[in-house]
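Counting from 1, the numbers follow the sequence of the chain as shown. These figures come from a predicted structure and were not determined experimentally.
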Amino acid sequence: MAFDMCDLETTLKRIVARDPDQPEFIQSVEEVIYSLEPVFRSNPGYLRVFEMMCEPERVIQFRVPWQDDDGCMQCNRGFRVQFNQAIGPYKGGLRFHPSVTLSIMKFLGFEQTIKNALTSLPMGGGKGGSDFDPKGRSDAEVLRFCQSFMTELARHIGPDTDVPAGDIGVGRREIGYMFGQYKRIRNTHDGVLTGKGLNWGGSHIRPEATGYGLVYVLEIAMKENGKKLKGKKVTLSGSGNVAIFAAEKLLELGAVILTFSDSSGTIHEPDGFDLDKLNVLTEIKQNRGRCEDYQELWPTSKYYRGERPWNIKCDVALPCATQNEISEEDAIALIDNGCRWVFEGSNMGSTNEAIKIYQKELPFFTYLPAKAANAGGVAVSGLEMSQNSTRTTWPNGKVDSELKAIMGRIYRICREEAKKMGKPGDLQLGANAAGFKKVADAMLDQGYII
């Protein structure tokens, strides 16, 4: 059977027709399917597997009633998208944020499936969450919400079925509240959630893992291209765990950090953040402050209200905030300002139009999509699952070395797959092709499609 581009377009139209009101999911599918054209040309049968892979194995939506501190009943919507279990239990975070919709859950679950395959750990893909916003809520309100959420979710998850983790709005506090409720319902203490506290089944380096892993894979890529991270000027977006811990590791390796941001604007230190300045910003964010508050304490900084950091001259850009934060216009500005490395800490951090701009600059520009670049978080979640299964706790150094090894392996898998497809340096193709083929081959072996 020969491949025809019309077959790809027809397949995409069928996928879009099923869910025309899910823009984020459609965007993620379009990004992957077009990049995989060389894969479909080499094996046209993969296109049929791709279409089946785009349909989640199970979508769970449920009501979450809870009582606020005024005694009023509130109601939120909960989700769990169990996307693909071909290579292991469903694995992916829970997000509590007002923006949560089924479209966003499906896009994240689809990306997670490919991402988890790249880690080489036996994990399938899933994602879940709620449109509940924990910001401004008391601990008691968050507790009541988490208990109600887990009361419904508990029947659908388990250590060998589906292992959720944290994400935006879900940290150790929320994981703890949900784990406590799960134990009451199921009467077991098992590895059903990752991101747990270290003294009750968690792993070293789990909070730091996504940020550390992002920098590790950047460092490895630079070394293999004859470059050094030391002295490179880096613009970071976001100011949550991913950005803060990436910055911590960047400072350790001698990079110059120029920016952080939040939804209100960007804070810029022209001469770079040192450890003292980073600690000040970290304390501000831990107390639910804004990047703007930092300027009052460090007058050397500049604050750009309502702006992202992509117009500032840099060597490296690390988007660590949210999806679609680098537009086509931003990508052009980055390249015009000397940026040659974009590694995504946020899921789908660049629009498809921005990615096309990156592709035009190959091989003098290196872009690594989130499904490879930010896989450190789920990698350490997978290591936490292994520790839970054997009732052991690994020392900090072992987890860190395993994380670094996994990120190096991911980079080399992406690089070699791109070469195999005849497009050396195209790490977007390498990541999508390697992850997809691993899942697709497992689906074929298991009779999902013949």
field: Residues that Arg137 engages under side chain to side chain contact (heavy atoms under 4.5 Å, CB included), provided they are two or more places apart
entry: Trp66, Asp68, Phe132, Glu141, Val142
- request: Apply side chain to side chain contact (heavy atoms under 4.5 Å, CB included) to Ser28 and list each qualifying residue two or more places apart in sequence or on a separate chain.
  value: Phe25, Phe107, Phe110, Glu111, Met348
field: Residues Thr194, Ser381; criterion side-chain hydrogen bond (donor to acceptor under 3.5 Å, both in side chains); working and verdict
entry: CA-CA 6 Å; Thr194 57; Ser381 278; 3.0 Å; yes
Output yes when [X] and [Y] qualify as a salt bridge under the 4.0 Å nitrogen-oxygen rule, no when they do not.
| X | Y | result |
| --- | --- | --- |
| Asp190 | Lys183 | no |
| Lys223 | Glu219 | yes |
| Arg305 | Glu292 | yes |
| Glu384 | Lys196 | yes |
| Lys437 | Glu417 | yes |

task: Could you grab the distance from atom CD of Glu57 to atom OH of Tyr448, nearest 0.5 Å is fine?
output: 4.0 Å
query: Where does the angle between the aromatic ring planes of Phe179 and Tyr182 fall among parallel (under 30°), tilted (30 to 60°) and perpendicular (over 60°)?
result: parallel
task: Specify whether Phe436 and Tyr46 have parallel, tilted or perpendicular ring planes, treating 30° as the upper limit for parallel and 60° as the lower limit for perpendicular.
output: perpendicular
message: I'd like to check Leu368 versus Glu344 (side-chain heavy atoms, cut-off strictly below 4.5 Å). Are they in contact?
response: no
field: Exercise: do Asn116 and Thr119 side chains pair donor with acceptor under 3.5 Å
entry: no
- prompt: In terms of side-chain heavy atoms, does Asp262 have a donor or acceptor partner in Ser239 at a distance below 3.5 Å?
  reply: no
message: Are Tyr294 and Phe260 an aromatic pair, judged by ring center distance below 6.0 Å?
response: no
field: Within 6.0 angstrom of Lys423 NZ, more than 12 heavy atoms from elsewhere
entry: no
message: Please enumerate all residues that pass side-chain hydrogen bond (donor to acceptor under 3.5 Å, both in side chains) together with Gln27, with sequence neighbours excluded.
response: Asn324
Lys232 NZ/CZ over Trp341 ring centroid, <6.0 Å and within 45° of normal: no
